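Okay, so here's the structure we're looking at.
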Amino acid sequence: MHWAFGGMLVYKILRAVEWADFERDAVTKGAPIDLADGYIHLSTAKQVAETAAKHFAGADDLRLLALDPTPLGDALKWETSRNDDLFPHLYRPMTMDDVLWARDLPLGPDGHDFPQDMT
């Protein structure tokens with residue numbers, strides 16, 4: 001399968017309650033910050049650990065979702081954000097069909113423990 005940006009996936013972190021709502025409804029407009037900003041904040045594999053540390057420090061009820069950016073099409077925009085880096089922002093609701101996988105994101109002694117196979 002061809003993925004944009006050289007096989008890169010994009011990632012979303014949700015709290016357990018947000019994940020439960022997403023599982024129930026099969027669609028989400030994201031977390032409160034996403035609703036406030038008008039788009040769903042996503043991160044690349046290189047950005048997601050810093051995102052977790054900044055916005056989810058100490059949280060142990062998280063789910064990490066992986067999405068293929070290609071089928072998101074024009075609804076996915078790469079925009080300058082933290083550290084003048086380009087971040088993926090989704091300008092439409094996210095559906096379960098967008099999610100390639102979802103895994104627990106446990107809190108370890110030095111921060112969150114991310115899967116080793118992230119791209």
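What you are looking at is a predicted structure, and each value in this text was computed from that prediction instead of being measured.
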When you measure from the side chain of [X] to the backbone of [Y], do you find a donor-acceptor pair of N or O atoms at a distance under 3.5 Å?
| X | Y | result |
| --- | --- | --- |
| His112 | Ala59 | yes |
| Asn83 | Asp85 | no |
| Gln47 | Val10 | no |

Applying side chain to side chain donor-acceptor pair (under 3.5 Å) between Asp34 and each of His89, Lys29, Lys12, report the one that passes.
Lys12

Specify the closest pair of heavy atoms between Ser43 and Pro88, including all atoms of both residues, with the distance to one decimal.
N-CG, 3.8 Å

Examine [X] and [Y] and state if one hydrophobic cluster contains both, with Ile, Leu, Val, Met, Phe, Trp and Tyr joined whenever side-chain heavy atoms are less than 4.5 Å apart.
| X | Y | answer |
| --- | --- | --- |
| Leu14 | Met96 | yes |
| Leu86 | Leu76 | yes |
| Leu90 | Tyr39 | no |
| Trp78 | Ile40 | yes |

Check whether any side-chain heavy atom of [X] sits under 4.5 Å from a side-chain heavy atom of [Y], and report yes or no.
| X | Y | value |
| --- | --- | --- |
| Val48 | Phe114 | yes |
| Leu100 | Leu9 | yes |
| Phe87 | Leu42 | no |

Inter-residue atom distance [X].[atom1] - [Y].[atom2], 0.5 Å rounding:
| X | Y | atom1 | atom2 | value |
| --- | --- | --- | --- | --- |
| Lys77 | Leu72 | NZ | CG | 11.5 Å |
| Asp113 | Leu107 | CG | CG | 7.5 Å |
| Thr51 | Tyr11 | OG1 | OH | 12.5 Å |
| Asp37 | Ser81 | CG | OG | 9.0 Å |
| Leu64 | Met118 | CG | CE | 5.0 Å |
| Leu35 | Ile33 | CG | CD1 | 10.5 Å |

Going by the side chain to side chain donor-acceptor pair (under 3.5 Å) test, which pairs reach into residues 97-106, not counting sequence neighbours?
Arg63-Asp104, Arg92-Asp98, Thr95-Asp98, Arg103-Asp117

Are the charged groups of Asp21 and Arg15 less than 4.0 angstrom apart, N to O?
no

For the pair Trp19 and Phe22, name the ring-plane relationship: parallel under 30°, tilted 30 to 60°, perpendicular over 60°.
perpendicular

